[in-house]
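What follows is a set of notes on a single structure, which appears directly below.
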Amino acid sequence: MSLSFFLLLLFFPFSLSQTPPRGLLINCGAHSAAQFDNRTWLPDSGFISSGSPKTVTTPVLFPTLHTLRSFPRQVKKHCYNIPVYRGAKYLVRTTYFYAGVNGADHPSPPVFDQILDGTLWSVVNTTRDYSDGNSSFYEGLFLAQGKIMSLCIGSNTYTDSDPFISALEFLILEGSLYNTSDFTKYGLALVARHSFGYSGPPIRYPDDLFDRVWEPFGQSNSTQASTDNVSVSGFWNLPPAKIFETRIGSDQLETLQLRWPTASLPSSNSKYYYIALYFADDTAGSRIFNISVNGITYYHNLNVIPSGVVVFASQWPLSGPTTITLTPAASSSLGPLINAGEVFDVLPLGGRTLTRDVIALEKVKQSLRNPPLDWNGDPCMPRQYSWTGISCSEGPRIRVVTLNLTSMDLSGSLSPFVANMTALTNIWLGNNSLSGQIPDLSSLKILETLHLEDNQFSGEIPSSLGDISSLQEV
């Protein structure tokens, strides 16, 4: 196993202004911008062109749950296009509250997929939360690899009613946060983030400068922590100071076992997780203990001090139920404690279609009066959500190799930008109502098949077609 262990004891000062996190807050289905908690939420109509806004008729706890956008399940993918800063690290949070908007025939929420750029992020299943009267949120950390990030709702095989979304947030993270992960290869999908020993409302902005959600996790051995001399502002993940005000543990020299996260994790030999555990204490005496996860040593002889410590693993294998065990060391005078923890699923990125082909397809889409409804987001990725009529190459350099829109009742013209997709081997556009001139396709050096019959093209057939030596069928 390739594991990473780190212990940070940082003492340098770090300060960020108490301004709201930078980024976009989107109130899905809303018709106008609104201020909630001194932060501006924008309507979503400027970021998506499909779906229908709906209003929830049941009482809601938060104003952003009062509206949602619903999507017809017959179309496999619907995408928000969000302007971002290339190279910035983003916290992306999606929120869902069903409220029975699909009618009496569908009392339970639909189950569907959410996709970030070309990566299948997770299945969205809000059934348990909704039965308890609660909304559900999903949180992921992703690098902006271009100027646009797409968040897509996908109708998977489990969906028996229309998928939906209530709110969408793209928040910029400080560069130091979670910086041991290679975000060019991986995203982090939140599994659990808890403040141990805490029983109040979730901790978030303004306590957390980046509006991460730290949920309460109280137990019978929860206690108030001694924090008079605790100073943890130097932690590179910048946790809020409030999470160190409570703890689970005791001063007695006894082993502490914690079932966390509470949900059983998927059974897979290839699943890896990012785990960060936070500790701070200024009680007189020594507090030294060993940490194990599911019986495997995670850290040996951790010494908890007032300035705080965080122990983390960037890639740790987990499967099924998880138990964290804190065992006092022989040199310790006090028992173990823990203040907070985070667990993320390490999510291999699914790849992205070559930008040249994406731009060309967008131009083709613009030249058509009625393009396929699922032509949103990444054209090739994830594979099960590739655009209708598109097939793509394998490997790290993902190109569009086939364009097949035969008998799709298309009108409009064929953009000359189609010639920029230089990996095309087959173009099938027959039996539509395309008009205008046939563009110069001589740059498509490996084109083998070209079908344009039964359309309304005008003008001459370009003689440059004769320059494509690979062309076998016209």
Side-chain angles (χ1 to χ4, degrees), residues 1-10 88-94 114 116-117 119-123 137-145 171-196 203 208 210-215 217 232 235-240 243 258-279 291-294 296-299 302 308-326 338-350:
M1 294 184 297
S2 177
L3 306 179
S4 300
F5 301 89
F6 294 87
L7 170 66
L8 253 68
L9 306 177
L10 300 182
K89 194 185 306 175
Y90 279 82
L91 182 155
V92 182
R93 183 160 49 230
T94 54
Q114 58 180 4
L116 197 288
D117 287 340
T119 300
L120 184 60
W121 175 359
S122 70
V123 175
F137 75 89
Y138 293 77
E139 191 178 294
L141 311 182
F142 299 96
L143 183 72
Q145 300 188 39
L171 304 174
I172 299 175
L173 294 177
E174 168 70 26
S176 70
L177 270 64
Y178 312 101
N179 62 4
T180 59
S181 296
D182 184 351
F183 284 96
T184 64
K185 296 179 180 179
Y186 303 99
L188 295 180
L190 182 66
V191 175
R193 182 190 290 116
H194 284 97
S195 177
F196 296 127
I203 299 169
D208 189 299
F210 306 99
D211 200 24
R212 292 168 293 184
V213 179
W214 301 78
E215 297 190 276
F217 192 100
V232 293
F235 279 9
W236 86 112
N237 270 355
L238 301 176
I243 67 171
L258 189 66
R259 170 70 188 276
W260 180 81
T262 53
S264 185
L265 300 175
S267 297
S268 172
N269 292 329
S270 58
K271 272 282 190 184
Y272 290 92
Y273 294 84
Y274 176 106
I275 308 173
L277 305 176
Y278 299 89
F279 311 85
I291 307 170
S292 65
V293 179
N294 289 346
I296 300 173
T297 298
Y298 184 82
Y299 199 86
L302 177 70
V309 290
V310 54
V311 188
F312 72 95
S314 294
Q315 292 193 3
W316 184 279
L318 290 177
S319 178
T322 303
T323 300
I324 295 175
T325 304
L326 310 179
I338 185 169
N339 297 95
E342 296 179 277
V343 176
F344 292 88
D345 184 359
V346 178
L347 195 65
L349 298 182

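Residue numbers start at 1 and run along the sequence shown. Keep in mind it's a predicted model, so treat the numbers as computed, not measured.
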Atom pair OG/CG of S267 and L318 - distance to nearest 0.5 Å | 11.0 Å
Spatial distance of atom CG (L120) from atom CD (Q114) [nearest 0.5 Å] = 9.0 Å
Closest heavy-atom pair and its distance - S122, Y138 |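 For S122 and Y138, the tightest heavy-atom pair comes out as OG-CD2, 3.7 Å.
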If every non-hydrogen atom of L173 is compared with every non-hydrogen atom of F210, which pair is closest and at what distance?
->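 So the two residues come closest at CD2-CB, 3.8 Å.
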Quick one, [X] and [Y] - any side-chain contact, counting heavy atoms below 4.5 Å?
{"X": "Y272", "Y": "P317", "result": "yes"}
{"X": "F183", "Y": "L188", "result": "yes"}
{"X": "L302", "Y": "I291", "result": "yes"}

Can any side-chain N or O of S195 pair as donor or acceptor with the backbone N or O of A340 at less than 3.5 Å?
->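 Answer holds: no.
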With a 6.0 Å cut-off on ring centres, are Y186 and Y274 close enough?
->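 No, they do not, as the ring centres are separated by 6.0 Å or more.
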Ring centroid separation F217 to F196 under 6.0 Å |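 Between F217 and F196, the centre distance is under 6.0 Å.
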Does the side chain of D182 pick up a donor-acceptor pair with the side chain of T184 at under 3.5 Å?
->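 Yes.
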Are a donor atom and an acceptor atom from the side chains of Y278 and E342 found within less than 3.5 Å of each other?
-> yes
